[in-house]
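Reviewing the structure listed below.
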Amino acid sequence: LKEKKVIWLIYSALLFNIAEMLRFESWLLIPLVSIFLYKAGKRYSMLFLLSSLVSPSLWLYLCHRFTGTALYSFFKPGETAYFEILLRNAPNSKDIFGWLNILYQTLGYPLAICGLAGMAYSFIKKKSFHLAVIFIYFYSLYTINIFAQRMWYNERYTIILGLLLLPYS
């Protein structure tokens, strides 16, 4: 942002496109990062947004072309997860703090507590809370999906939450 060089924007968009092909949850970060880039200027924000949408657009087109629905990759895992919840009695209690318990188990108490404390400290000092906003966004999204019974508490879903806590710890 400080250097305002387009090459760094292109590298970032390229890395986002790679991430988008690995996990479609990273698609949710595109608008958030674009909003944060708006400080550098509308041009940089739009350039990042458009270049980061290459992979998702291609993916949605191919899903529509071969399955008849562009959102196939979103609906099918949800159906599968729902049936797994029913058949295997996967943990799906409706607890607002359920993800924190899984996060503690996955990261370990020291790292999770330090990360959450660092995040609270950044809000108190009103500095560097961009990642905290993204953390809260994903945490809320996961909690809503638990309540809707579209997913269950699974350690692999806490990977992104843990990565967002690392700088704060």
Side-chain angles (χ1 to χ4, degrees), residues 1-81 99-100 102-103 106-107 111-112 114-116 118-123 125-146 148 150-151 153-169:
L1 287 175
K2 291 177 184 173
E3 294 178 17
K4 293 189 179 184
K5 291 188 178 179
V6 175
I7 191 71
W8 293 113
L9 208 58
I10 292 170
Y11 287 147
S12 298
L14 178 66
L15 291 173
F16 259 88
N17 277 283
I18 292 169
E20 291 157 4
M21 296 311 292
L22 296 174
R23 298 289 302 187
F24 64 80
E25 288 91 350
S26 63
W27 296 9
L28 302 171
L29 293 173
I30 296 170
L32 289 173
V33 173
S34 296
I35 290 168
F36 292 138
L37 284 173
Y38 198 77
K39 275 197 301 190
K42 217 186 305 186
R43 177 176 166 242
Y44 292 100
S45 179
M46 288 306 294
L47 182 62
F48 177 82
L49 179 68
L50 294 175
S51 58
S52 293
L53 290 175
V54 171
S55 294
S57 300
L58 181 62
W59 182 260
L60 293 173
Y61 168 75
L62 291 173
C63 280
H64 179 68
R65 176 91 167 88
F66 291 106
T67 67
T69 177
L71 299 176
Y72 177 82
S73 59
F74 295 98
F75 294 136
K76 205 57 170 172
E79 289 175 22
T80 306
W99 285 109
L100 288 180
I102 301 297
L103 198 62
T106 308
L107 293 178
L111 184 60
C114 288
L116 291 170
M119 187 184 303
Y121 181 76
S122 73
F123 274 113
K125 292 293 185 180
K126 296 179 183 170
K127 290 185 178 180
S128 303
F129 54 85
H130 294 87
L131 292 177
V133 170
I134 297 171
F135 176 88
I136 292 168
Y137 174 74
F138 273 106
Y139 191 90
S140 302
L141 190 68
Y142 289 174
T143 303
I144 289 166
N145 280 306
I146 284 290
R150 289 189 294 253
M151 66 188 299
Y153 297 112
N154 191 326
E155 291 85 8
R156 71 186 177 108
Y157 297 129
T158 60
I159 292 170
I160 193 161
L161 296 176
L163 288 174
L164 293 169
L165 280 183
L166 284 175
Y168 292 110
S169 62

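- Rounded to the nearest 0.5 Å, atoms CD1 (Ile134) and CG (Leu141) are 13.0 Å apart.
- In this structure a side-chain-to-backbone donor-acceptor pair under 3.5 Å is present from Ser169 to Leu166.
- Residues Leu60 and Ala70 share a closest heavy-atom pair of CD2-O, 3.3 Å.
- A donor-acceptor pair under 3.5 Å links the side-chain atoms of Ser45 to the main chain of Ser34, judged by distance alone.
- Put simply, the residue from Thr106, Leu163, Leu107 that forms a side-chain contact (heavy atoms from CB on, under 4.5 Å) with Thr158 is Thr106.
- For the pair Pro56/Ile30, a side-chain contact is recorded, criterion being any heavy-atom separation below 4.5 Å from C-beta on.
- The closest donor-acceptor contact from the side chain of Ser52 to the backbone of Leu49 lies at 3.5 Å or more, if one exists at all.
- Taken from CE in Met46 to OH in Tyr38, the straight-line distance is 10.0 Å, to the nearest 0.5 Å.
- A distance of 5.0 Å separates OH in Tyr142 from CG in Leu161, rounded to the nearest 0.5 Å.
- Nearest heavy-atom pair, Ser51 versus Ala13, reported as atom, atom and distance to 0.1 Å: OG-CB, 3.1 Å.
- For the ring pair (Phe, Tyr, Trp, His ring centres under 6.0 Å) test with Phe123, the passing option among Tyr168, Phe135, Phe129 is Phe129; the others fail.
- When all heavy atoms of Ala112 and Leu165 are compared, the pair lying nearest together is O-CD1, 4.3 Å.
- In this structure, OH on Tyr121 lies 10.5 Å from OG on Ser128, to the nearest 0.5 angstrom.
- Distance NE2/His130 to CD1/Ile35: 10.5 Å, rounded to 0.5 Å.
- Here the rule is side-chain contact (heavy atoms from CB on, under 4.5 Å) with Leu164, and of Tyr139, Tyr137, Phe138 only Phe138 fits it.
- Residues Pro167 and Leu131 share a closest heavy-atom pair of CG-CD1, 3.6 Å.
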